Every structure is written in structure tokens, then in C-alpha cells.
Visitor: 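First the structure, then my questions, so here it is.
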Amino acid sequence: MIKEISKNNVSECVKVIRESFMTIADQFGFTIENAPRFTAFATTAERLLYQMDNEPRFMFGYFNSEGKIIGYYSLLMQGKEECELNNLCVLPEYRHKKIGQELLKDAYRKAESHECNKINIGIVEENTVLRKWYENEGFVHIGTEKFDFFPFTCGYMVKELNH
């Protein structure tokens with residue numbers, strides 16, 4: 001079941017985000033030294049609480065039948081009827097069970113309910129499996145950018161929503 005995150009869920013969400021993104025860090029050789037701003041290393045309870053309290057951002061968790069959070073995403077409202085999907089993730093042991101797809105479909109519904117016509121995402125460009133997954137879900141690749149503080153290229157994708 002997908003539910004909005006409350007403050008008492010934040011530390012569990014941090015754990016889910018860090019564990020989920022760590023598989024990408026391991027796969028591509030990202031470390032806290034060469035990519036301290038990468039999600040697996042930079043996500044903290046303080047950061048999520050700040051985002052919750054100070055940004056037009058909505059956070060959601062996928063709760064299993066025992067009430068454990070096993071997936072997560074957030075939507076940042078960007079104005080101009082656009083929003084940004086952040087940190088969509090599923091714990092490694094729960095992957096390949098369509099949970100990510102359920103989270104993504106929920107993000108579409110939530111975005112539309114907040115009058116967003118477009119969802120933006122940023123990904124690790126070198127992660128071709130993830131890029132293909134998003135393309136299969138209707139996202140279009142619109143560009144890349146290289147930052148000095150990341151050992152990878154940031155890829156940008158967008159999906160137009162049909163209300």
C-alpha cells in the first residue's frame with residue numbers, strides 16, 4: 001500500500017533510500033569520497049525533514065503487509081504545471097515485483113491531482129538499464145549535464161501527463 005510519509009517515517013525512508021541507491025553506487029564505483037552528494041551518501045533525516053517542512057514536496061512510501069517501508073518516492077512541485085520525481089526506489093530484495101511501476105503510476109496520479117502536466121527526472125546517465133525502464137514507461141530523454149562533483153553524467157528525462 002502506498003501512503004504519504006509522516007515525520008515519524010523519515011528515518012525508515014532514509015534507510016530505504018540509502019540501501020536502494022547503494023546498489024547503483026556499488027555497480028558504478030561511486031564512493032563517499034568521489035561522490036559525496038550522490039543520493040546513497042547524501043540522504044539524511046535532517047535533509048528529508050527540511051524538504052518536508054520547507055519545500056512544496058510530497059513524499060510517499062510503499063508499505064508491505066507488515067507495515068515496513070520497502071519503496072519510496074517524492075514529488076517536488078516546480079511551478080508552471082511541472083513537478084520533479086525524486087528518489088524513486090525499491091529495496092533490492094523487493095525488486096522485480098512491479099513495486100517500482102506501482103510507485104511510478106502513483107506518482108502520475110499525485111502529479112495530476114496537483115495539476116502537473118509534466119514530470120521531470122534526473123538519472124545517472126550511465127545507468128542504461130534505468131534509462132530504458134523510464135523510456136518504456138513513456139519518459140523521453142532530453143539531455144545530459146556533467147558536474148565536477150559527480151563521477152557520472154546526469155541524464156534528464158521528461159514525461160508529459162495526459163489528464
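Bear in mind that the values here come from a model prediction, so they are computed numbers and not experimental data.
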Visitor: To check you understand the geometry: which heavy-atom pair defines the closest contact between Arg18 and Thr39, and what is its length?
Guide: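 The pair with the smallest heavy-atom distance is CG-O, 4.4 Å.
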Visitor: Just by distance, do the side chain of Lys68 and the backbone of Phe63 share a donor-acceptor pair under 3.5 Å?
Guide: no
Visitor: Within the supplied structure, the quantity of interest is the number of heavy atoms (other residues, nucleotides, ligands) at a distance under 6.0 Å from Lys80 NZ; does it exceed 12?
Guide: no
Visitor: I want to check something: taking the side chain as every heavy atom from C-beta on, are Met52 and Ile5 in contact at a cut-off of under 4.5 Å?
Guide: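 They are in side-chain contact.
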Visitor: Does Asn86 reach the side chain of Leu76, with side-chain heavy atoms less than 4.5 Å apart?
Guide: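 In short, these two side chains touch, coming nearer than 4.5 Å.
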Visitor: Checking side-chain polar atoms at under 3.5 Å, does Thr153 have a donor or acceptor matched by the opposite partner on Glu126?
Guide: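 Looking only at side-chain atoms, Glu126 and Thr153 do form a donor-acceptor pair, the distance falling under 3.5 Å.
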Visitor: Could you walk me through whether Met59 and Asn9 pass the side-chain contact (heavy atoms from CB on, under 4.5 Å) test, one step at a time?
Guide: CA-CA 10 Å; Met59 300 176 182; Asn9 300 129; over 6 Å; no
Visitor: Using side-chain heavy atoms (C-beta onward) and a distance below 4.5 Å, is Glu81 in contact with Cys116?
Guide: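 They are not in side-chain contact.
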Visitor: Can you hop from Trp133 to Phe28 via hydrophobic side chains spaced under 4.5 Å?
Guide: yes
Visitor: Test Asp106 against Tyr73 for side-chain contact (heavy atoms from CB on, under 4.5 Å), laying out the working first.
Guide: CA-CA 10 Å; Asp106 190 71; Tyr73 78 88; 2.6 Å; yes
Visitor: Where do Pro36 and Phe41 come nearest, in terms of heavy atoms and distance?
Guide: O-CB, 3.8 Å
Visitor: Evaluate Leu130 against Val124 for side-chain contact (heavy atoms from CB on, under 4.5 Å), listing each step before the verdict.
Guide: CA-CA 8 Å; Leu130 184 63; Val124 172; over 6 Å; no
Visitor: Would you call Ile121 and Glu84 a side-chain contact if the rule is heavy atoms closer than 4.5 Å?
Guide: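 A side-chain contact under 4.5 Å is absent here.
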Visitor: Among the clusters formed by ILVMFWY side chains lying less than 4.5 Å apart, do Met1 and Val16 turn up in the same one?
Guide: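 Each belongs to a different hydrophobic cluster.
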Visitor: With Glu46, which of Thr43, Leu48, Thr44 fulfils side chain to side chain contact (heavy atoms under 4.5 Å, CB included)?
Guide: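 Single pass found, and it is Thr44.
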Visitor: Determine, for Glu135 against Arg131, whether the closest basic-nitrogen to carboxylate-oxygen distance falls under 4.0 angstrom.
Guide: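 Yes, this pair counts.
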Visitor: Roughly how far apart are Leu103 CG and Asn87 CG, rounded to 0.5 Å?
Guide: 12.0 Å
Visitor: For the residue pair Gly122 and Tyr156, what are the closest heavy atoms and their distance?
Guide: CA-CD2, 4.1 Å
Visitor: Minimum heavy-atom separation for Ser74 to Arg57, with atom names?
Guide: OG-NH1, 3.0 Å
Visitor: What about Phe30 and Ile32, same hydrophobic cluster or not, with Ile/Leu/Val/Met/Phe/Trp/Tyr joined at side-chain heavy-atom distances under 4.5 Å?
Guide: yes
Visitor: Should the ring pair Tyr108 and Phe139 be called parallel, tilted or perpendicular, given that the plane angle runs from 0 to 90° and is split at 30 and 60?
Guide: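 Judged by the thresholds at 30° and 60°, the geometry between Tyr108 and Phe139 is tilted.
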Visitor: Taking atom OH of Tyr94 and atom OH of Tyr62, what is their separation to the nearest 0.5 Å?
Guide: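 Taking OH in Tyr94 and OH in Tyr62, the distance rounds to 10.5 Å.
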Visitor: Would you say that Asp26 contacts Ile24 through its side chain, given a criterion of any heavy-atom pair below 4.5 Å between the two side chains?
Guide: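 SC-SC contact between Asp26 and Ile24 ruled out.
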Visitor: Could you state the interatomic distance from NZ (Lys15) to CD1 (Ile69), rounded to the nearest 0.5 Å?
Guide: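 Going from the NZ atom of Lys15 to the CD1 atom of Ile69 covers 11.0 Å.
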Visitor: Report the distance from atom CG of Leu161 to atom CD1 of Ile119, rounding to the nearest 0.5 Å.
Guide: 4.5 Å
Visitor: Looking only at heavy atoms, what is the nearest atom pair of Leu91 and Glu19, with distance?
Guide: CD2-OE1, 3.5 Å
Visitor: Got Asn120 and Met157 here, is their nearest side-chain heavy-atom distance under 4.5 Å?
Guide: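 No, their side chains stay 4.5 Å or more apart.
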Visitor: Classify the ring geometry between Phe147 and Phe149 as parallel (under 30°), tilted (30 to 60°) or perpendicular (over 60°).
Guide: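 Parallel: the ring planes of Phe147 and Phe149 meet at under 30°.
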Visitor: Is the positively charged end of Lys110 above the ring of Phe60, judged by distance under 6.0 angstrom from the centroid and angle within 45° of the axis?
Guide: yes
Visitor: Considering all heavy atoms of both residues, which atom of Leu104 and which atom of Leu88 are nearest to each other, and what is their separation?
Guide: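 Scanning both residues, the minimum pair turns out to be N-CD1, 3.8 Å.
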Visitor: Rounded at 0.5 Å granularity, tell me how far OG in Ser20 sits from CZ in Arg95.
Guide: 5.5 Å
Visitor: Apply salt bridge (charged side-chain N to carboxylate O under 4.0 Å, His left out) to residues Glu137 and Lys159 and explain how you reach the verdict.
Guide: CA-CA 9 Å; Glu137 295 296 330; Lys159 177 171 173 75; over 6 Å; no
Visitor: Please report whether the ring centroid of Phe38 lies less than 6.0 Å from that of Phe152.
Guide: yes
Visitor: Does the side chain of His114 come within less than 4.5 Å of Leu75's, by heavy atoms?
Guide: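 No, every pair of side-chain atoms sits at 4.5 Å or beyond.
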Visitor: I'd like to know if Leu49 and Tyr72 are part of one continuous hydrophobic network [Ile/Leu/Val/Met/Phe/Trp/Tyr, side-chain heavy atoms within less than 4.5 Å].
Guide: yes
Visitor: Ring centroid separation for Tyr134 and His141, is it under 6.0 angstrom?
Guide: no
Visitor: Rounded to the nearest 0.5 Å, how far apart are CD of Glu12 and CD1 of Ile17?
Guide: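 Here the rounded value is 11.0 Å.
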